[in-house]
Colleague: 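Got a structure for you, written out below as structure tokens; questions coming shortly.
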Amino acid sequence: MTTQEKTSNRRKKKPNTDETSTIAPVKKSKTNMIIKTIQTLVYDLPGKVLAQNLLGKVLVRKIGETTCKGRIVETECYPGGDDKASRTFNGKRSPTTEALYMDAGTAYVYMTYGMYHCINISSSEPGGGVLIRALEPLEGIEDMRKWRIDKMKSKKDIKTKDLCNGPSKLCTSLQITKIDCNMMDLKTSESMWIEDDPKFLVDEIVCTSRIGIAGAGKEWAEKPYRFYIYGNDYVSKRDLKKEEEIADQKVS
DNA sequence: AGTCCGATTCGCT
DNA sequence: GCGAATCGGACTA
């Protein structure tokens, strides 16, 4: 099957209307073959739910003939409204944040520190989005490495583990830029989308505070709006104390 | 027109 | 661990 055929199949799938799960039900036919009803992901959910649902899913990026894939292992939600850390705090609108007010499942890509990009996926709240903070590289790894090293002065080698363990690292690795990807509809785009991976089970989710938003003040900086896959080695910053607590619970 | 600053990363100490 | 890099856009006057 060509990649184009795969893409067209993917787009024919029916949307999942069950808000509590995005895992496809597995049915058995008369011949006892397993028929899997693969569904497109549901994006129209509150950021806090979407952020957790996205864990374990696979972000796919096509650049020309190259396909890169990475499993989403770390996210943060920025729900807007009274969240001071959100760029859409108090419903503030500007040309740059417009993607966050668009249909859930729209990519919001912005430049930060004058040289890096970050990607969010808009959620159901007006002005709400989920930041993708880290991926486990799965496919196209050598291309990711090449693009990352190209951008560095030192040109020194990068371990696979370090290719996508940060929001701007993953954008560089997957060539996600504002000019190419902002306002992209991930439900219909042919160059970037998210796939379910029903074989991959998220064992446990670690929930902790968001990173790099001290300026928003203590109350909002401490909100438990960051989520990552427990024990995962591709996460940008692990909270080992939280992980220990989870480990203790598992034992008892 | 001028100022200020960031949802980060890199390279060096 | 710390400071520099680097620039678009929001905000002020």
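Below, chain A is the first sequence line, B the second, and so on; all start at residue 1. Reckoned from all heavy atoms, side chains included, excluding hydrogens, waters and symmetry mates.
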Colleague: Which nucleotide sits closest to the side chain of A:K178: B:dT9, C:dG9, B:dG11?
Modeller: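 Looking only at side-chain atoms, A:K178 lies closest to C:dG9.
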Colleague: Quick check on contacts: within residues 72-84 of chain A, what sits under 4.0 Å from DNA chain B by heavy-atom distance?
Modeller: A:Y78
Colleague: Whole angstroms only, please: what is the CD1-P distance between A:I176 and B:dT9?
Modeller: 13 Å
Colleague: Do A:Y230 and A:E243 come within less than 4.5 Å of each other through their side chains, counting heavy atoms only?
Modeller: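 Yes. Closest side-chain heavy atoms under 4.5 Å.
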Colleague: Would you say the side-chain atoms of A:T88 and A:S86 include a donor-acceptor pair closer than 3.5 Å?
Modeller: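 A:S86 and A:T88 do not have a side-chain donor-acceptor pair below 3.5 Å.
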Colleague: Does A:D203 pair with A:K250 as a salt bridge, N-O distance under 4.0 Å?
Modeller: yes
Colleague: Can you tell me the distance, in whole Å, between the CD1 atom of A:I158 and the P atom of B:dG11?
Modeller: 9 Å
Colleague: With DNA chain B as reference, determine whether A:K153 or A:I211 sits nearer its 5' end, using the nearest nucleotide of each.
Modeller: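 Its nucleotide being nearer the 5' end, the pick is A:I211.
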Colleague: Would you kindly give the CE-to-P distance between A:M115 and C:dG3, to the nearest whole Å?
Modeller: 16 Å
Colleague: Could you state the CZ-P distance from A:R226 to B:dT8, rounded to the nearest angstrom?
Modeller: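 Distance check: A:R226 CZ to B:dT8 P gives 11 Å.
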Colleague: Does A:W147 reach the side chain of A:C68, with side-chain heavy atoms less than 4.5 Å apart?
Modeller: yes
Colleague: With a 4.0 Å cut-off, would you call A:D239 and A:K241 a salt bridge?
Modeller: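 Looking at A:K241 together with A:D239, the answer is no, because their closest N to O distance does not fall below 4.0 Å.
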Colleague: Under a 4.0 Å threshold between the charged nitrogen and the carboxylate oxygen, would A:R145 count as salt-bridged to A:E142?
Modeller: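 Counted as a salt bridge, because a side-chain N and a carboxylate O are separated by less than 4.0 Å.
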Colleague: Of all the choices, B:dG11, B:dC10, C:dA5, which nucleotide is nearest to the side chain of A:Y113 once you look at every atom?
Modeller: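 Output: C:dA5.
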Colleague: If you check the A:T112 side chain, which of B:dT9, B:dG6, B:dG11 turns out closest?
Modeller: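 The answer is B:dG6, which lies nearest to the side chain.
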Colleague: Reading DNA chain C 5' to 3', how would its secondary structure be written in dot-bracket notation, given Watson-Crick and G-U pairs with both distances under 3.5 Å, brackets [ ] for crossing pairs and | for partners on other strands?
Modeller: |||||.||||||.
Colleague: Output one line per pair: protein atom, nucleotide atom from nucleotides 10-13 of chain C, and distance, for all N/O pairs under 3.5 Å.
Modeller:
unit_1: C:dA10; atom_1: OP1; unit_2: A:S94; atom_2: OG; d: 2.8
unit_1: C:dA10; atom_1: OP1; unit_2: A:T96; atom_2: OG1; d: 2.7

Colleague: In whole Å, I'd like the distance from the CZ atom of A:R133 to the P atom of B:dT9.
Modeller: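 That distance rounds to 7 Å.
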Colleague: Just how far, in rounded Å, is P of B:dC10 from CG of A:D162?
Modeller: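 Going from CG in A:D162 over to P in B:dC10 covers 9 Å.
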Colleague: Name all residues meeting the side chain to side chain contact (heavy atoms under 4.5 Å, CB included) criterion together with A:S124; count only those two or more places apart in sequence or in a different chain, and write none if there are none.
Modeller: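 Scan of A:S124 (side chain to side chain contact (heavy atoms under 4.5 Å, CB included), adjacent residues dropped) gives A:D44, A:P46.
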Colleague: Can you give each donor-acceptor pair under 3.5 Å made by side-chain atoms of residues 126-139 of chain A, sequence neighbours left out, with the distance rounded to 0.1 Å?
Modeller:
unit_1: A:R133; atom_1: NE; unit_2: A:E74; atom_2: OE2; d: 3.0
unit_1: A:R133; atom_1: NH2; unit_2: A:S236; atom_2: OG; d: 3.2

Colleague: Does some side-chain heavy atom of A:Y234 sit less than 4.5 Å from a side-chain heavy atom of A:L163?
Modeller: no
Colleague: May I ask you to verify if any side-chain N or O of A:R148 is less than 4.0 angstrom from the OP1 or OP2 atom of B:dT9?
Modeller: no
Colleague: Taking the P atom of each, how far is C:dT6 from B:dG2, in whole Å?
Modeller: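 Each nucleotide's P atom is 22 Å from the other's.
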Colleague: Could you state the CE-P distance from A:M111 to C:dA5, rounded to the nearest angstrom?
Modeller: 17 Å
Colleague: Can you pull out every salt bridge (charged side-chain N to carboxylate O under 4.0 Å, His left out) where at least one residue sits in residues 94-113 of chain A? Sequence neighbours excluded, please.
Modeller: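 Every salt bridge (charged side-chain N to carboxylate O under 4.0 Å, His left out) pair that includes a residue of residues 94-113 of chain A, provided the two are not neighbours, is A:R93-A:E98, A:D103-A:K187.
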Colleague: Could you state the OH-C1' distance from A:Y110 to B:dG6, rounded to the nearest angstrom?
Modeller: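 It works out to 8 Å between those atoms.
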Colleague: Does a side-chain N-to-carboxylate-O contact under 4.0 Å join A:K223 and A:D83?
Modeller: no
Colleague: Cation-pi check for A:F200 against A:R71: NZ or CZ below 6.0 Å from the six-membered ring centre and within 45 degrees of the axis, yes or no?
Modeller: yes
